[in-house]
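Attaching a single structure in C-alpha cells format; questions to follow.
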Amino acid sequence: MKIGIIGAGNIGGNLTRRLTALGHDVSVANSRGPETLKDLTEETGATAVTAAEAARGAQIVVVTVPLKSVPDLPSGILDGAADDVAVIDTGNYYPQQRDGRIAAIEDGLTESRWTEKQIGHPVIKAFNGTYAQDILDKGRPQGTPGRQALPVAGDAPAAKQAVRDLIDQLGFDTVDAGGLDESWRQQPGTPVYGNRGDADAITKALADASPERTAEWRA
C-alpha cells in the first residue's frame, strides 16, 4: 500500500520504520525539507518528500504534526491522493505545553474535528495516546492474549476499517471509539490516553471518560 506520512517526529518516524518493514511504500515529509530526512530514509528505505508531495497516490495519509502547525500545512495537501484515501490524525491539543490557545477547541470542538476543518478532509483519530516506542516494541500477532489495543474514532466506515486493518498489521487490536464528535473520549487527560490495556480495558476506559476538559489541558 502507498502511505504518506506528514511529520517525522517520534510517532511519524516510528510509523515509517514499522510500515516500511511491513513492505508498504512510504513517503515521509517534515517541516524542514527532504534533505533533513536522509538518516531516516537510509535506515528504512522510505522516500523523503515535501509535505505538499506526501499524499500523492497515497491510500493512507498520516498527519502527525503539532496542532499549532496544522494551519501551516500546504493548501491542497491531499490533492493527488487516492480517491478513497484514509487520513489519520495523531494530534493532541497541548495548550499550556506547546500549542497556545485554540478558541474553537476551548469552546468544545473535538481536537480532530478542528484538524479536519483545517485540512478540508475527513480524518480518523488514532495513535494520539500511543507511546511512540510501543509502535516498535509492543506489537504482537493477532489472537495473542492481552494484545494491546488502540482506540480509533471517525465518521467514515470504510476509512476507519482501513485504519483498523493497518493497526492490526502493526500488531495491535483496535476498539471502535465512535464518531469524531465522540473522540473527546481519547483526548489527553482521559482514562484511555496512554493506556496500554487490551481491548476490554480500552473499551472500559472510553466508557469512563468525561467530556469536561481538566485545567491541565485548557489554555
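Just so it is clear, the model here is predicted, and its values are computed rather than measured. Worth knowing before you read on, the calculation uses all heavy atoms, side chains too, and leaves out hydrogens, waters and symmetry mates.
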Checking the side chain of Gln187 only, and the main-chain atoms of Ser112 only, is there a donor and an acceptor separated by less than 3.5 Å?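 Not a single qualifying donor-acceptor pair exists.
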So which pairs with a foot in residues 73-94 pass salt bridge (charged side-chain N to carboxylate O under 4.0 Å, His left out), sequence neighbours left out?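 Every candidate salt bridge (charged side-chain N to carboxylate O under 4.0 Å, His left out) pair involving residues 73-94 fails, so no pair, neighbours aside, qualifies.
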Hey, mind stepping through Gln186 and Val192 against side-chain contact (heavy atoms from CB on, under 4.5 Å) and telling me if it holds? CA-CA 6 Å; Gln186 65 191 78; Val192 84; 3.5 Å; yes
Looking only at heavy atoms, what is the nearest atom pair of Ile135 and Phe172, with distance?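 In terms of heavy atoms, the two residues are closest at CA-CZ, 4.2 Å.
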Mind jotting down which residue pairs meet the ring pair (Phe, Tyr, Trp, His ring centres under 6.0 Å) criterion with at least one end in residues 6-64? Sequence neighbours excluded, please. none
Quick one: are Leu166 and Leu19 in side-chain contact, heavy atoms under 4.5 Å?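 Counting from C-beta outward, Leu166 and Leu19 do come under 4.5 Å.
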Looking at residues at least two apart in the chain, or sitting in another chain, which of them share a side-chain contact (heavy atoms from CB on, under 4.5 Å) with Ala46? Thr16, Thr20, Val26, Val28, Thr44
Per the ring pair (Phe, Tyr, Trp, His ring centres under 6.0 Å) rule, what does the pair list look like for residues 51-93, sequence neighbours excluded?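 Matches after skipping sequence neighbours: none remain.
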Does atom CG of Asp208 have more than 12 heavy-atom neighbours from other groups under 6.0 Å away? yes
We want to know whether Glu53 and Thr50 form a side-chain donor-acceptor pair, criterion being a heavy-atom distance below 3.5 angstrom.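 Judged by distance alone, the side chains do pair up.
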Report the distance from atom CG of Asp168 to atom CZ of Arg147, rounding to the nearest 0.5 Å. 4.5 Å
According to salt bridge (charged side-chain N to carboxylate O under 4.0 Å, His left out), does anything in residues 15-24 pair up with another residue at least two apart or in another chain? List the pairs.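 Found Arg17-Glu43.
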Taking all non-hydrogen atoms of both residues, which atom of Ile6 and which atom of Val61 are closest, and how far apart?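 For Ile6 and Val61, the tightest heavy-atom pair comes out as CD1-CG1, 3.9 Å.
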Result block: side-chain N/O donor-acceptor pairs under 3.5 angstrom for residues 114-122, not counting sequence neighbours:
from, atom 1, to, atom 2, distance (Å)
Thr115, OG1, Glu111, O, 3.4
Glu116, OE1, Arg113, NH1, 2.7
Glu116, OE2, Val123, N, 3.2

Once rounded to the nearest 0.5 Å, what's the spacing between atom CG of Leu15 and atom CG of Leu170? 6.5 Å
Going by heavy atoms in the side chains, are Val65 and Val63 under 4.5 Å from each other? yes
Any donor-acceptor pair under 3.5 Å from Asn128 side chain to Asn92 backbone: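 Not confirmed, Asn128 side chain does not pair with Asn92 backbone.
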Any pair counted as ring pair (Phe, Tyr, Trp, His ring centres under 6.0 Å), so long as it reaches residues 34-89, sequence neighbours left out: none
Partners meeting side-chain contact (heavy atoms from CB on, under 4.5 Å) with Arg218 (sequence neighbours left out):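 By the side-chain contact (heavy atoms from CB on, under 4.5 Å) rule, Arg218 matches Glu106, Arg213.
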Tell me which one of Asp198, Ile202, Asp200, Leu150 satisfies side chain to side chain contact (heavy atoms under 4.5 Å, CB included) with Val175. Ile202
Which residues share a side-chain contact (heavy atoms from CB on, under 4.5 Å) with Arg164, sequence neighbours left out: Val152, Lys160, Gln161, Thr174, Asp176
Residues that, via side-chain heavy atoms closer than 4.5 angstrom, fall in one hydrophobic cluster with Trp217: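 Tyr94, Tyr193, listed by chain and number.
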Does the side chain of Ile105 reach to within under 4.5 Å of the side chain of Leu67, using non-hydrogen atoms? yes
How is the hydrophobic cluster of Leu136 composed, in terms of its other members, when Ile, Leu, Val, Met, Phe, Trp and Tyr link through side-chain heavy atoms under 4.5 Å apart, directly or indirectly?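 Members other than Leu136 - counting any ILVMFWY side chain reachable under 4.5 Å - there are none.
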Working to the nearest 0.5 Å, report the span between OG1 of Thr47 and CG of Asp25.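 That separation rounds to 6.0 Å.
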Apply side-chain contact (heavy atoms from CB on, under 4.5 Å) to Ala156 and list each qualifying residue two or more places apart in sequence or on a separate chain. Ala159
